[in-house]
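Structure first, commentary second.
All values derive from a computational prediction rather than experimental measurement. Throughout, protein chains are lettered first and strands after them, A, B, ... in sequence-line order, and every chain is numbered starting at 1.
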There are 2 protein chains.
Amino acid sequence: MSQPGQATTRGDLVRAAVLGLLGTRGPSSRADIARVLGVSPATVTQVTKDLMARRLVTELESVPSQGGRPARLLGLVDSAGGAIGAKVTADHVRIVSVGLDGTVHASSSVDLDATGARALDDLDEILLEAVRAHEGPLLGVGVGLPGAVDAQASGIVDAPTLGWQRLPVGPRLRQTLQVPVLLDNDVNTLAAAETLYGRGREHEDFIVVTIGRGVGLGIVQHGVVSRGAHGGAGEFGHTPVAGDGPLCGCGNRGCLEGFVGESGLLDAARAAGVVGPRGSLRTLVTAAHAGDPGALGVYADAGALLGRALAGAVHLLDPEVVVLLGEGIDEWPFWESSFDEAFRRHLMPARRGIRWIVEPWSEDQWAVGAASLVLASPFDAVSTGREGELVRARLQISGAP
Amino acid sequence: MSQPGQATTRGDLVRAAVLGLLGTRGPSSRADIARVLGVSPATVTQVTKDLMARRLVTELESVPSQGGRPARLLGLVDSAGGAIGAKVTADHVRIVSVGLDGTVHASSSVDLDATGARALDDLDEILLEAVRAHEGPLLGVGVGLPGAVDAQASGIVDAPTLGWQRLPVGPRLRQTLQVPVLLDNDVNTLAAAETLYGRGREHEDFIVVTIGRGVGLGIVQHGVVSRGAHGGAGEFGHTPVAGDGPLCGCGNRGCLEGFVGESGLLDAARAAGVVGPRGSLRTLVTAAHAGDPGALGVYADAGALLGRALAGAVHLLDPEVVVLLGEGIDEWPFWESSFDEAFRRHLMPARRGIRWIVEPWSEDQWAVGAASLVLASPFDAVSTGREGELVRARLQISGAP
DNA sequence: CGTTCTTTGTTCGGTACTAAATTTAGAAGC
DNA sequence: GCTTCTAAATTTAGTACCGAACAAAGAACG
């Protein structure tokens with residue numbers, strides 16, 4: 001049962017939301033803020049008055065106006081805070097330090113044997129170092145992981161590929177770092193980033209599909225990342241697409257990932273003779289670029305399979321758009337035509353008009369996504385829970401009452 | 001962007017929620033109400049005091065207690081309101097009149113050619129008659145339809161099987177009936193009913209799967225029915241499960257529904273020689289009951305296919321449980337073993353423990369589901385919008401300030 | 001049989017919001 | 001160059017909620 005509109009969950013939601021909005025959306029007028037946040041103009045006046053008194057916000061120039069009193073833009077005084085984002089993979093951690101507006105101030109990568117026994121200790125240490133190195137006010141740390149996280153504000157992690165089972169990553173990190181720590185599945189962090197800085201600014205309901213080592217999917221409904229009962233939603237890669245097939249990491253056969261994930265592509269390339277028995281994915285990529293028909297066929301088959309499976313996901317979830325991302329997206333031109341053909345063909349007529357969008361990919365994106373867990377918390381009191389409160393509290397330090 | 005906790009959306013959410021809770025959950029103590037609704041005990045005291053002054057609620061007996069002050073139960077004075085639920089199919093409308101506690105007071109079925117040109121006029125008339133026949137205070141009318149509804153509080157309907165395209169059913173009905181009208185896809189209404197009276201009382205995240213003419217799926221996340229961008233979420237029946245297959249109603253081939261929906265079963269039965277070229281589904285059912293291996297094989301194949309596809313849905317949505325329902329559920333024993341085998345086999349290990357539950361089916365259930373859109377509106381200020389406000393306002397009529 | 005414990009329910013002061021009316025400030029019409 | 005229109009911001013009075021401290025009412029224990 002949902003909770004009715006409560007007055008105070010401690011920490012003043014609107015105040016934090018205004019700061020978060022000014023950070024992520026840039027300077028805005030009071031009236032804009034009221035509209036976007038869905039609060040009354042009166043409240044915005046009150047809150048901004050207070051924030052200006054505390055020197056967290058200033059009034060900028062007026063904008064022209066189109067037939068009424070000109071709007072006066074408000075902006076953050078300076079970087080009122082930053083966040084650290086970390087993406088954990090099997091062999092390293094990628095760390096970025098970002099400002100409220102999502103700009104990356106620092107970026108690094110540290111080796112980590114995430115499958116080892118000391119993995120959690122090492123991660124602890126690495127992140128502690130990052131927190132120490134961070135300059136300026138730190139709102140919190142966001143962590144993206146290749147597994148299921150019970151809740152962002154908790155952080156008990158199941159990650160079969162790392163051999164992690166109910167590992168209390170969140171509690172451990174909080175204890176060491178002494179700042180708010182939010183965790184989520186890596187694909188969900190990309191979805192969170194997308195709601196803040198990407199398609200979420202135009203769409204309330206969409207899905208994010210990642211192509212890379214595996215295939216992932218993040219669900220955004222009503223502007224909020226949908227995580228399922230145990231944080232395990234979006235396991236698109238293990239959609240059964242065939243009764244049989246290559247053995248998947250999950251132990252089953254016939255998973256989508258077994259055909260269109262990195263290893264699936266490689267298997268297909270070997271079977272087609274495009275790549276030798278010890279060849280790597282790079283060989284396949286260069287062959288495709290060279291126009292090798294076998295290589296192109298591998299991608300075409302994968303694209304068709306992905307398109308068919310994705311049609312099923314679209315039927316289930318009814319998103320407005322599909323956003324495609326991930327390390328593997330550079331090779332998208334090879335997937336595209338067969339994907340689109342299969343996708344459309346298997347969609348019901350009413351959905352056939354749905355758009356898919358390929359977003360450019362950069363190395364840092366996973367980690368930026370993780371950081372956006374922190375930066376999104378002013379807007380998401382539900383899933384960020386107590387840690388979100390702490391982040392919001394940190395947004396408002398400095399300045400007298 | 002979500003709205004932070006607002007104070008008043010007109011209509012006093014908690015007051016309506018308390019009444020709704022006492023209706024659906026039965027007599028409860030103030031402390032219980034506070035816990036279930038997630039509001040403070042102080043608020044419950046205030047609100048119930050007011051409701052008792054208005055003679056909408058009375059104090060009942062005290063209950064024993066287990067080690068503290070005994071709880072004093074509160075109950076509705078009498079049926080503070082009822083709702084009408086209607087399920088529209090291609091050839092008839094099923095209508096029920098239910099009390100706040102979900103008990104069916106009246107039930108009827110009226111012929112309707114929903115595919116005809118006068119369909120909306122006829123529906124209008126039929127429901128107006130039902131509203132007139134309703135005794136006691138009427139909170140509103142809920143309508144379940146075999147198609148996509150843009151929003152419960154709006155009601156623009158796309159229903160390809162009825163030939164309806166962007167038909168303004170909601171606006172029309174509101175104009176004629178002059179009571180709040182909420183509409184949704186029929187499977188979603190079942191999911192709504194389940195959150196109120198069924199599994200939703202124990203689980204926050206689950207999915208509802210219907211088996212009958214087609215195959216439907218309703219998604220409940222965080223206690224709320226998830227509808228997608230255009231109200232079209234849950235089109236599980238059109239999941240592509242094969243590259244080719246029988247032509248589906250949606251115009252594609254290879255849809256799940258084409259294999260496990262009524263017509264799919266019939267096709268398979270004909271192909272297996274269990275049923276003659278002009279035979280009906282009933283023949284298949286009786287053959288299965290008689291132990292005919294061919295008939296059992298038809299169901300076994302369907303079960304395996306459903307299990308595989310449902311594993312994919314579970315991977316995507318991560319529900320706590322799966323609830324199985326629908327007209328076709330009577331034959332479930334024939335599906336069961338092959339379904340469960342395929343379902344488990346295609347689930348990733350972490351999900352393999354998920355339970356599925358078959359619920360008994362009755363003729364009225366669709367219509368009761370529709371009515372529960374109205375009865376759930378005290379708990380769901382978001383998706384019921386303005387119509388929900390009207391329902392809540394109607395819950396509180398009578399009695400001076 | 002008093003003391004302590006546990007849970008229920010109330011009182012009270014405070015706060016974060018709202019709606020409605022008002023003021024402010026420019027664009028547009030004539 | 002006055003009015004009229006439109007949209008932004010503020011003021012004002014009010015309200016729906018919360019937290020914390022407290023009172024009530026029985027169970028459990030010596």
Side-chain angles (χ1 to χ4, degrees), chain A residues 2-19 27-53 57-74 378 381 389 392-393 396 401, chain B residues 2-19 27-53 57-74 378 381 389 392-393 396 401:
Chain A
S2 63
Q3 63 262 39
Q6 69 260 37
T8 166
T9 326
R10 198 69 274 142
D12 193 350
L13 291 176
V14 172
R15 202 173 317 231
V18 168
L19 289 170
S28 322
S29 73
R30 282 167 251 248
D32 266 341
I33 295 172
R35 275 188 294 264
V36 175
L37 294 181
V39 300
S40 73
T43 304
V44 176
T45 293
Q46 275 180 17
V47 167
T48 54
K49 192 188 291 178
D50 179 88
L51 290 174
M52 285 168 69
V57 162
T58 32
E59 206 157 69
L60 308 176
E61 80 278 27
S62 298
V63 292
S65 109
Q66 56 281 30
R69 174 173 173 174
R72 271 134 75 185
L73 294 185
L74 299 177
E389 273 178 49
R392 291 192 289 279
Q396 318 183 29
Chain B
S2 63
Q3 65 259 42
Q6 70 257 40
T8 164
T9 327
R10 199 67 274 143
D12 192 351
L13 291 177
V14 173
R15 201 175 317 235
V18 168
L19 289 171
S28 322
S29 73
R30 280 166 252 250
D32 266 340
I33 294 171
R35 275 188 295 264
V36 175
L37 294 181
V39 299
S40 74
T43 304
V44 176
T45 293
Q46 275 181 17
V47 167
T48 53
K49 192 190 291 177
D50 179 89
L51 290 175
M52 286 167 68
V57 162
T58 31
E59 207 157 68
L60 309 176
E61 79 277 28
S62 298
V63 292
S65 111
Q66 58 280 34
R69 173 173 172 173
R72 269 136 75 186
L73 295 183
L74 299 176
E389 272 179 50
R392 291 193 289 280
Q396 317 184 29

- Query: Separation of Leu74(B) atom CG from dT10(C) atom C1', in whole Å?
  - Reply: 14 Å
- Task: State the CG-CG distance between Leu73(B) and Asp32(B), to the nearest 0.5 angstrom.
- Result: 8.0 Å
- The reported gap from CZ in Arg72(A) to OG in Ser28(A) (rounded to nearest 0.5 angstrom) is 15.0 Å
- Query: To the nearest Å, how far apart are Leu37(A) CG and dA16(C) P?
  - Reply: 16 Å
- Message: Assess the residue pair Thr58(A) and Met52(A) against the criterion (side-chain contact (heavy atoms from CB on, under 4.5 Å)); give the C-alpha distance rounded to whole Å, side-chain angles, the decisive distance to 0.1 Å, and a yes or no.
- Response: CA-CA 6 Å; Thr58(A) 32; Met52(A) 285 168 69; over 6 Å; no
Below 3.5 Å is the cut-off: list the nitrogen or oxygen pairs between protein and nucleotides 8-10 of chain D, distance only.
| unit_1 | atom_1 | unit_2 | atom_2 | d |
| --- | --- | --- | --- | --- |
| dA8(D) | OP1 | Arg35(A) | NH2 | 3.4 |
| dA8(D) | O4' | Arg69(A) | O | 3.2 |
| dA9(D) | OP1 | Arg72(A) | N | 2.7 |
| dA9(D) | OP1 | Arg72(A) | O | 3.3 |
| dA9(D) | OP2 | Arg30(A) | N | 3.2 |
| dA9(D) | OP2 | Ala31(A) | N | 2.9 |
| dT10(D) | OP2 | Thr45(A) | OG1 | 3.0 |

- Any sub-3.5 Å donor-acceptor pair from Thr43(B)'s side-chain atoms to Val39(B)'s backbone N or O? no
- With a 4.5 Å limit on heavy-atom distance, are the side chains of Val18(B) and Leu37(B) in contact? yes
- Query: For the pair made of CG in Leu13(B) and C1' in dC17(D), what is the distance, rounded to whole Å?
  - Reply: 11 Å
- Reckon Thr43(B) has a side-chain N or O less than 4.0 Å from the OP1 or OP2 of dC18(D)? yes
- Message: Are Val57(A) and Leu19(A) packed together at the side-chain level, in the sense that at least one heavy-atom pair is separated by less than 4.5 angstrom?
- Response: yes
